[in-house]
Student: 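Sharing a structure here in structure tokens format.
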Protein chains: 2
Amino acid sequence: MARRRGNPLALAVLALLFERPMHPYEMASTMRARRKEESIKLNYGSLYSVVDGLTKHGLIEAVGVLREGRRPERTVYELTEPGRLELFDWLSELVSTPAREYTSFEAGLSLLPVLLPEEAVRLLEERVLRLEQQLHMDEALWEVTAKQGLPRLLLIEWEYKRMLRRAELDWVRGLVDELREGAFEGLDYWRIWHERCSAGLEPPGLEAAGYGAANSAGSTGGDDPEAPAT
Amino acid sequence: MARRRGNPLALAVLALLFERPMHPYEMASTMRARRKEESIKLNYGSLYSVVDGLTKHGLIEAVGVLREGRRPERTVYELTEPGRLELFDWLSELVSTPAREYTSFEAGLSLLPVLLPEEAVRLLEERVLRLEQQLHMDEALWEVTAKQGLPRLLLIEWEYKRMLRRAELDWVRGLVDELREGAFEGLDYWRIWHERCSAGLEPPGLEAAGYGAANSAGSTGGDDPEAPAT
DNA sequence: CAGCGATCACCCGTCCCCGAGTATTCGCCG
DNA sequence: CGGCGAATACTCGGGGACGGGTGATCGCTG
């Protein structure tokens, strides 16, 4: 009871069994055929352990074992009533409630000062190129798939993903421009900070670049980013 | 050697030690003070295991144990030369190369047909509300923080995140509008499909709503004009 | 100075994820 | 018909993440 909602793959399993009973391998093939592996991480190891977990929690159950020809056995599962409820509840949560998530680019950005400004620009430009490539591939693939006659509904997550990529692309382009033209405030501070760290010295406080009174006058009272703190 | 680049928290550790030697607990406090825990998942369990791993791989090393007053011991670590290289290399990769990542909203969208159209609209509207709230909170927090005098550079990941949220918000609003006004193609197909699944029947193929024959027939296998390049 | 909460600093058991491996069978080409 | 590669269907062991402890100390209050 009160199971931890971890791997979205488990949700996908519930959703597939909502359509009809299946055996695990068929779930995987179906997801592949529908291109759902692009939005839900799928690999066999996880799939089988996830199916086990769901079984243990009574959300699905094995309804039999088939043996077609002399192929290996295939255990077929179906959705239980608790499973159906969990499916709707979980899916509702995913759709209605934005979850705090961490992307690696975000992580990279948040550590950007570690690189030299020139280096950062170079890498961001590389990212722009890669994003453009991916967008083109996405669009090509999407056209092919769409022409197979699939309704928008079944590819809606692709629209979302493409829209996000385009937004990111624009943003990164803008950032690169600002950096290139020196329009980015604090470039001087960045360089100084970096130099001192590389030399093994204490990094400078914020005053060094004219950002005065950061932590000197506790105006906002609360905590204090960039505390020298010793 | 050839370690697996997993947890970005390890990268954060390297980046912090690039500034100066620290003990793990101090790394955590520093990340908190700089609001980096918003972009890099941090918890103590992971932190200590990550530090262990880095030590084992020779990327950082313990330089001593302090005992201030009679407080518990604090093991202080510093960056090694291989560690410095790994830091730049890894960070470069994160910045320059978009990584295939999975968000839970994407997962939710890709399973949307499981819900009824009306239900989906309701949940998406809830999402819009929540996103608006988060945006407002973000902006408030950002203003406070920015007014402490921090340069843009140190908060650049916030700009990125806010921009993504705004983009998502717009997109979801658009989707809701289309659905509300029935401008979304395939609404009828959606409803029929759902009804039949709920009734425990075989779901209809795509012809049911005028979408030409795709893969609805028995062939679950060898489709796809897809040449995925990983 | 006794008591109490907050902070400091770390560790550990559990769960879960994942990639690589295995064994069988089918299709196909010469 | 024999051999090779692709597909089928699943298994397993290592490893990493994560949350919830565990002391010990500091500071404050009455």
Side-chain angles (χ1 to χ4, degrees), chain A residues 1-13 22-33 37 40-57 62 64-77 100-102 104 107 223 227 229-230, chain B residues 2-13 22-33 37 40-57 62 64-77 100-102 107 218-224 226-227 230:
Chain A
M1 308 297 151
R3 63 179 229 92
R4 223 180 102 220
R5 278 170 187 174
N7 197 339
L9 183 57
L11 182 61
V13 167
M22 281 191 198
H23 57 100
Y25 189 84
E26 192 184 0
M27 300 175 198
S29 331
T30 309
M31 285 184 64
R32 293 240 154 90
E37 28 139 25
I40 298 175
K41 197 167 28 185
L42 165 65
N43 62 41
Y44 288 108
S46 313
L47 179 58
Y48 286 93
S49 58
V50 146
V51 164
D52 272 9
L54 291 174
T55 307
K56 238 162 247 160
H57 285 273
V65 174
L66 289 188
R67 173 171 294 159
E68 215 161 277
R70 247 187 284 132
R71 296 299 204 73
E73 298 185 341
R74 304 173 305 175
T75 311
V76 176
Y77 295 85
R100 196 217 226 188
E101 273 159 330
Y102 304 85
S104 44
D223 47 3
T230 307
Chain B
R3 62 180 232 91
R4 224 180 102 220
R5 278 169 187 173
N7 197 339
L9 182 57
L11 182 61
V13 167
M22 281 191 197
H23 57 100
Y25 189 85
E26 192 184 359
M27 301 173 197
S29 333
T30 309
M31 285 184 65
R32 293 242 153 87
E37 28 139 25
I40 298 175
K41 196 167 29 186
L42 165 65
N43 62 41
Y44 287 107
S46 313
L47 179 58
Y48 285 94
S49 58
V50 146
V51 165
D52 271 10
L54 292 173
T55 307
K56 239 163 247 160
H57 285 274
V65 173
L66 290 187
R67 173 171 295 158
E68 216 161 278
R70 248 189 282 132
R71 295 298 204 77
E73 298 187 340
R74 304 174 305 174
T75 310
V76 176
Y77 294 86
R100 196 218 225 186
E101 273 159 329
Y102 304 84
S219 75
T220 38
D223 50 6
D224 78 292
E226 189 184 25
T230 309

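Lettering of chains follows the sequences in order, A, B, ..., and the numbering in each one begins at 1.
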Student: Should B:Leu9 and B:Asn43 be marked as a side-chain contact (heavy atoms from CB on, under 4.5 Å) after you check the CA-CA gap, both sets of side-chain angles, and the distance that decides it?
Tutor: CA-CA 9 Å; B:Leu9 182 57; B:Asn43 62 41; 5.9 Å; no

Student: Is there any protein nitrogen or oxygen under 3.5 Å from a nitrogen or oxygen in nucleotides 14-18 of chain C, and what are the pairs?
Tutor:
{"from": "C:dC18", "atom 1": "OP1", "to": "A:Lys41", "atom 2": "NZ", "distance (Å)": "2.8"}
{"from": "C:dC18", "atom 1": "OP2", "to": "A:Ser46", "atom 2": "OG", "distance (Å)": "2.6"}

Student: Does B:Ser49 have any side chain to side chain donor-acceptor pair (under 3.5 Å) partners at least two apart in sequence or in another chain, and if so, which?
Tutor: none

Student: Rounding to an integer number of Å, can you tell me how far A:Glu26 CD sits from D:dA9 P?
Tutor: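 In whole Å, D:dA9 P and A:Glu26 CD are 9 Å from each other.
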
Student: What residues form a side-chain contact (heavy atoms from CB on, under 4.5 Å) with B:Ala107, not counting sequence neighbours?
Tutor: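 Partners of B:Ala107 by the side-chain contact (heavy atoms from CB on, under 4.5 Å) criterion, ordered by chain and then number, come out as A:Pro8, A:Ile40, A:Leu94.
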
Student: Measure from OH on A:Tyr25 to C1' on C:dT24 and round the result to the nearest Å.
Tutor: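 Atom-to-atom, A:Tyr25 to C:dT24, this comes out as 13 Å.
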
Student: Apply ring pair (Phe, Tyr, Trp, His ring centres under 6.0 Å) to B:Tyr44 and list each qualifying residue two or more places apart in sequence or on a separate chain.
Tutor: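 B:Tyr25.
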
Student: Please enumerate all residues that pass side chain to side chain donor-acceptor pair (under 3.5 Å) together with A:Asp52, with sequence neighbours excluded.
Tutor: none

Student: Mind calculating the distance between OH (A:Tyr48) and P (C:dG19) to the nearest angstrom?
Tutor: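 From A:Tyr48 OH to C:dG19 P: 16 Å.
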
Student: In this structure, how many angstroms lie between the P atom of D:dT8 and the CE atom of A:Met22, rounded?
Tutor: 14 Å

Student: From CE of A:Met27 over to C1' of D:dT8, roughly how many Å is that when rounded to an integer?
Tutor: 15 Å

Student: Without decimals, in angstroms, what is the distance between B:Leu42 CG and C:dC10 C1'?
Tutor: 14 Å

Student: Classify B:Ser29 by what it touches in the nucleic acid, base, sugar-phosphate, or nothing, heavy-atom distance under 4.0 Å.
Tutor: nothing

Student: List for me each residue that meets side-chain contact (heavy atoms from CB on, under 4.5 Å) alongside B:Thr55, sequence neighbours excluded, and say none if there are none.
Tutor: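 B:Thr55 satisfies side-chain contact (heavy atoms from CB on, under 4.5 Å) with B:Val51, B:Ile60, B:Tyr77 only.
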
Student: Rounded to whole Å, please give me the gap between CG in A:Leu47 and P in C:dG21.
Tutor: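 Rounded to whole Å, this separation is 20 Å.
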
Student: For A:Leu9 and C:dG19, give me the distance from atom CG to atom P, rounded to whole Å.
Tutor: 13 Å

